[in-house]
There are 2 protein chains.
Amino acid sequence: MTAGGICPSPEPRPEPDALLRRLASHADLTEAEIGILSRLSAAPRAVGPRSDLLREGEDPGGAYVILSGAACRYKQRPAGGRHIVSYLLPGDVCDADGALLRRADFSAAALAHSSVAFIPRPLLRELTAVHDGIAQGLRAAKLVEEAILRMWLANLGCRSALERTAHLFCELLERFQVVGLATGAGFDLPITQVDLSLTLGMSTVHLNRTLHELRRQGAADLRGRSLRVLDRERLTAIAEFDPSYLRPRLAGRDAS
Amino acid sequence: MTAGGICPSPEPRPEPDALLRRLASHADLTEAEIGILSRLSAAPRAVGPRSDLLREGEDPGGAYVILSGAACRYKQRPAGGRHIVSYLLPGDVCDADGALLRRADFSAAALAHSSVAFIPRPLLRELTAVHDGIAQGLRAAKLVEEAILRMWLANLGCRSALERTAHLFCELLERFQVVGLATGAGFDLPITQVDLSLTLGMSTVHLNRTLHELRRQGAADLRGRSLRVLDRERLTAIAEFDPSYLRPRLAGRDAS
DNA sequence: CGCTTACTTGACATTCTTCAACCGCAGTGG
DNA sequence: CCACTGCGGTTGAAGAATGTCAAGTAAGCG
């Protein structure tokens, strides 16, 4: 295993279906595939917040599947600054290109008490080679990941702090709903304000004020580890949020 | 020559080898594959600056190959703001997932007079199915693209205007060198300050001042359409630039 | 009960944006 | 030939958005 990260991990709720739900949202899975995916999630490792899964420059050796909690990919600057470049939420896979890439260009770490399964490279290759549904689901998940990356980039590039924050919340709402971890009214967000601010490219102080502003405007209310959506319309409007980037429309094998 | 910067290239110099050079930098190509790639570049389409190749929401229908000039992927906000999320330089392919995706989550446009080849979906599929070298080269190119995306995100998130600009220049220097369009001393950069500022997430005014600062510090000098690197060490230092994200180390089929 | 971690708040400094004007050059049409 | 026009770039001044510093509160945990 890459980084020890054996931390006191109270009780991450088991969310054994996350991977299954996620892939099923992108592809039709056979009974056999469903069985395999369930078995993959059977022996998770518990990791505590701030413990690294993978460090920049290392060989990932395979892929990680997040089953509960939350993790992230991040970039660290020599000077000490860091930036979170993606969230790994239950059902997300990091990194399916573990099959391909020998040297990660990012680090990965848990953000909360989480449980994580590891799929070594050979197994991953076998799975995608043999099971078309799994391969297709992973491909689609990857396309979504890339679309999210572009969206985050555009957010940082041309939205204000308030808009960016609202946009992130809208995205998270959608992503958690896909795996059954959110209702329309809100969800558990096991991520600290410090980490949110590292994601949104602003200081903690400013994020905090932005959160108060979102609450004041009656859009969303984050307190403790729980986000309540007060007015989804307003939140969506502030963010100019359009969820289509999270739902790829795939071309069939046959299509022109 | 590369850093000539004589005129704003009304006639895009044919750079027929760009794709070939690019893929060859990632994979070993057979004679047959080299022939195919050359033929692909044979009938390019000329496009003027600001003309769209693809609009968000549309079906790309295939992939575009940039042969000369420069293009970009961008996101447009309803309000009118826009942000450039990646550059498509000679030898780049947009988007190899044209094979997979039916609805683009971004628009693409030329930034300068450019020549572009189009590969329809069926041909693209056949190529990657039959020719392993091409498939491998495209996969690697895609991994680099993704790494660049992450790097850009981190840049926006935690670097100052000066650092970001320097970092972009370092990256471009590397990328142009791969396809033989830059010497260590500089290169032709057929991109306006407005477009650079849309990339770097800052106002044109501020970019302009940042460019002056880079020149004042003796690091780089952009004037007209030509970037002269005055002191590569200093530029690299300002940017904290490390090129390893541009050079993926791939896992062989056999490797564990 | 005292530690630590996450969050909150106020005052101030800085970076960056906006607005507005201006320059220079290339193309265009009289 | 020359005026006109448009685009890309440059500059100054004022103000908004955001960062930094510093201190303080609240909750969880040994």
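Ion pairing between B:D221 and B:R215 holds under the 4.0 Å rule for side-chain N and carboxylate O. A salt bridge is defined here as a Lys NZ or Arg NE, NH1 or NH2 lying under 4.0 Å from an Asp or Glu carboxylate O, and B:R50 with B:D195 meets this definition. A:R209 and A:E213 are not joined by a salt bridge, as no carboxylate oxygen comes within less than 4.0 angstrom of a charged side-chain nitrogen.
For D:dG9, the OP1/OP2 oxygens have a side-chain nitrogen or oxygen of B:R225 closer than 4.0 Å. Applying the 4.0 Å criterion to OP1 and OP2 of C:dT9, one finds that A:H212 has a side-chain N or O inside that range. Remark: A:Q193 is in phosphate contact with C:dT8, judged by side-chain N or O atoms under 4.0 Å from OP1 or OP2.
Atom CG in A:L162 sits about 13 Å away from atom C1' in D:dT18, given to the nearest Å. Atom pair B:L211:CG and D:dG8:P shows a separation of 15 Å (rounding to whole Å applied). In this structure, CG of B:L222 is placed 12 Å from C1' of D:dG8, rounded to the nearest angstrom. Between the CG atom of A:L207 and the P atom of C:dC7 there is a distance of 9 Å, given to the nearest Å. Taking atom CZ of B:R216 as the reference point, atom P of D:dT10 lies 16 Å away to the nearest angstrom. Taking atom CE on B:M202 and atom P on C:dT18, their separation rounds to 13 Å, with Å as the unit. In this structure, CG of A:L200 is placed 18 Å from P of D:dA17, rounded to the nearest angstrom. Computed from coordinates, the B:L156 CG to D:dT18 P distance equals 14 Å when rounded to whole Å.
Using a 4.0 Å heavy-atom cutoff across all strands shown, A:R164 reaches sugar-phosphate atoms only and no base atom. Contact annotation for B:T192: backbone-only contact, meaning every heavy-atom pair under 4.0 Å involves sugar-phosphate atoms and none involves a base.
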Does B:H83 form a side chain to side chain contact (heavy atoms under 4.5 Å, CB included) with B:R77? I'd like the steps, not just the answer. CA-CA 8 Å; B:H83 187 82; B:R77 286 178 59 176; over 6 Å; no

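When each of B:R22, B:R21, B:R73 is checked for a salt bridge (charged side-chain N to carboxylate O under 4.0 Å, His left out) with B:D92, only B:R22 meets the rule.
Taking every side-chain heavy atom of A:N208 into account, C:dC7 is the closest of C:dT17, D:dT10, C:dC7. Comparing C:dA20, D:dG19, C:dT9 by their nearest atom to the side chain of A:H206 picks out D:dG19. Listed nucleotides C:dA6, D:dG12, D:dT18 differ in distance to B:R209; the shortest reach to its side chain belongs to D:dG12.
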